[in-house]
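Residue indices begin at 1 and follow the sequence shown. Note that these values count all heavy atoms, side chains included, but never hydrogens, waters or copies made by symmetry.
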Amino acid sequence: MDRKTFIRTTSIGIAGLPFATLISCKSNSGNGGDHIHCQTGEDILGPFYRAEAPFREALNVLSEEGTPIVIQGSVMGGAECGTPLLQAIVDVWQADDEGEYDTESSDFKYRGRLQTNDDGDYEFMSILPGRYLNGNQLRPRHIHFLVKAEDHLDLVTQLYFEGDEYIESDPWASEAESGRIIALNEEEDVLTGRFDINLQLR
């Protein structure tokens, strides 16, 4: 299902989403200059990553049940934090509604790669991921990201959602900066959110 079809069937526009600042900046005088290095916080890769996911914007390829979600944002970098990075690769993966990952099927369910446009923007459609047990406690809902761009360090991170009761007790989510715990807005039974990503120069 392409974006136009998705928006038509859900009667929702994506414009006007709140901007979530997640840039963490620090001065760095290495590599010949006092310039700013910024990077979105890192997180664990986890055991469920699969390389070479298809390039696509709709991750619910089998139209399974779940709460529809649209995530959009920008990938930025450069010496002064915030330069849009075109043609960056945003690799995303998540659990299904029941908290299960597709680790072997040819469908690559709830997995996909995106390439940022000339403004550094990306967008994908999926469902709200389910929770699953990590030992004897549930992990909060989350989406994994592996982001790559020329001349920048690769970033592995996870996105979480405001109001999730399991964030505080999770060993990884509890360490996330506020910009990786985003608000979701609901309209016509579709949740929308914005996740802007900043990469650090090599």
(message) For Q115, is the CD atom crowded, meaning more than 12 foreign heavy atoms sit under 6.0 Å from it?
(response) yes
(request) Measure the CD-OG distance between E162 and S178 for me, rounded to the nearest 0.5 Å. (result) 9.0 Å
(message) Could you check whether E52 pairs with R113 (Lys NZ or Arg NE/NH1/NH2 to Asp/Glu carboxylate O, under 4.0 Å)?
(response) yes
(request) I would like to know whether I182 and R194 meet side-chain contact (heavy atoms from CB on, under 4.5 Å); could you show each step before the answer? (result) CA-CA 7 Å; I182 68 167; R194 184 175 182 93; 5.9 Å; no
(request) Considering only NZ, NE, NH1 and NH2 on the basic side and carboxylate oxygens on the acidic side, decide whether D151 and R202 come within less than 4.0 Å. (result) no
(message) Would you compute the distance between atom CD of E165 and atom CG of D170 and round it to the nearest 0.5 angstrom?
(response) 12.5 Å
(request) Could you go through the side-chain contact (heavy atoms from CB on, under 4.5 Å) check for Y132 and L138 one step at a time? (result) CA-CA 5 Å; Y132 58 89; L138 289 169; 5.5 Å; no
(message) Listing request: all ring pair (Phe, Tyr, Trp, His ring centres under 6.0 Å) pairs with a residue in residues 63-92, at least two apart in sequence or in separate chains.
(response) none
(request) Calculate, to the nearest 0.5 Å, the distance between atoms OG and OH belonging to S174 and Y160 respectively. (result) 8.5 Å
(message) Tell me whether V92 shares a hydrophobic cluster with V147, the cluster being built from Ile, Leu, Val, Met, Phe, Trp, Tyr side chains joined at under 4.5 Å.
(response) yes
(request) Before accepting this row, confirm whether a basic side-chain N of the pair D91/K148 lies closer than 4.0 Å to the acidic partner's carboxylate O. (result) no
(request) Compare every heavy atom of L114 with every heavy atom of Y122, then report the nearest pair and how far apart it is. (result) CD1-CD1, 3.8 Å
(request) Answer with yes or no whether the hydrophobic clustering places F48 together with L159; edges join I, L, V, M, F, W, Y residues whose side-chain heavy atoms lie under 4.5 Å apart. (result) no
(request) Determine whether the side chains of E168 and Y166 contain a donor N or O and an acceptor N or O closer than 3.5 Å. (result) no
(request) Looking only at non-hydrogen atoms, find the nearest pair between G82 and N198 and report the distance. (result) N-ND2, 3.5 Å
(request) Check the hydrophobic clustering (I, L, V, M, F, W, Y; side-chain heavy atoms under 4.5 Å; chains of links allowed) and say if L191 and F161 are grouped together. (result) yes
(request) Could you tell me whether the side chain of F145 reaches within less than 4.5 Å of the side chain of W93, counting heavy atoms only? (result) no
(request) Show your reasoning for whether side-chain contact (heavy atoms from CB on, under 4.5 Å) applies to D119 and L86. (result) CA-CA 6 Å; D119 296 317; L86 63 160; over 6 Å; no
(message) Quick check on the hydrophobic clustering: are I167 and I44 connected, directly or via other members, by side-chain heavy-atom contacts under 4.5 Å?
(response) yes
(message) So does G41 get a backbone contact from the side chain of T157, meaning a donor-acceptor N/O pair under 3.5 Å?
(response) yes
(message) Going by the rule side-chain hydrogen bond (donor to acceptor under 3.5 Å, both in side chains), which residues pair with H144 if we only count those two or more places apart in sequence or in a different chain?
(response) Y101, H142
(message) Please say yes or no: joined through hydrophobic side-chain contacts below 4.5 Å, possibly via intermediate residues, are L85 and F124 part of one cluster?
(response) yes
(request) Check the pair S126 / Q94 against side chain to side chain donor-acceptor pair (under 3.5 Å), numbers first and verdict last. (result) CA-CA 9 Å; S126 188; Q94 65 169 80; 2.9 Å; yes
(request) Tell me yes or no: between the side chains of R139 and Q158, is some donor less than 3.5 Å from an acceptor? (result) yes
(request) Calculate, to the nearest 0.5 Å, the distance between atoms CD and OG1 belonging to E123 and T116 respectively. (result) 13.5 Å
(request) To the nearest 0.5 Å, tell me how far R141 CZ sits from I127 CD1. (result) 9.5 Å
(message) To the nearest 0.5 Å, what is the distance between CD on Q200 and CD on E42?
(response) 8.5 Å
Donor-acceptor pairs are to be reported for all side-chain atoms of residues 59-71 against protein atoms at under 3.5 Å, with residues two or more places apart or in another chain.
{"unit_1": "N60", "atom_1": "OD1", "unit_2": "S63", "atom_2": "N", "d": "3.3"}
{"unit_1": "N60", "atom_1": "OD1", "unit_2": "E64", "atom_2": "N", "d": "2.9"}
{"unit_1": "N60", "atom_1": "OD1", "unit_2": "Y110", "atom_2": "OH", "d": "3.0"}
{"unit_1": "N60", "atom_1": "ND2", "unit_2": "E64", "atom_2": "O", "d": "2.9"}
{"unit_1": "E64", "atom_1": "OE1", "unit_2": "Y110", "atom_2": "OH", "d": "2.9"}
{"unit_1": "E64", "atom_1": "OE2", "unit_2": "K109", "atom_2": "NZ", "d": "3.0"}

(message) Testing the basics here: between S74 and D121, what is the closest heavy-atom pair and its distance to 0.1 Å?
(response) OG-OD1, 2.6 Å
(message) Within the structure provided, determine whether L155 and L146 are in side-chain contact (heavy-atom separation under 4.5 Å).
(response) no
(message) Using every non-hydrogen atom in the two residues, find where P129 and I143 come nearest and quote the distance to one decimal.
(response) CG-CG1, 4.0 Å
(request) Could you pull out the closest heavy-atom pair between G130 and A95, with the gap in Å? (result) O-CB, 4.1 Å
(message) Would you say that M76 contacts D196 through its side chain, given a criterion of any heavy-atom pair below 4.5 Å between the two side chains?
(response) yes
(request) Dump the intermediate steps for side-chain contact (heavy atoms from CB on, under 4.5 Å) on T192 and L184, then the final yes or no. (result) CA-CA 5 Å; T192 64; L184 293 173; over 6 Å; no
(request) Taking all heavy atoms of F108 and all of D102, pick out the closest pair and write down the distance. (result) N-OD2, 3.5 Å
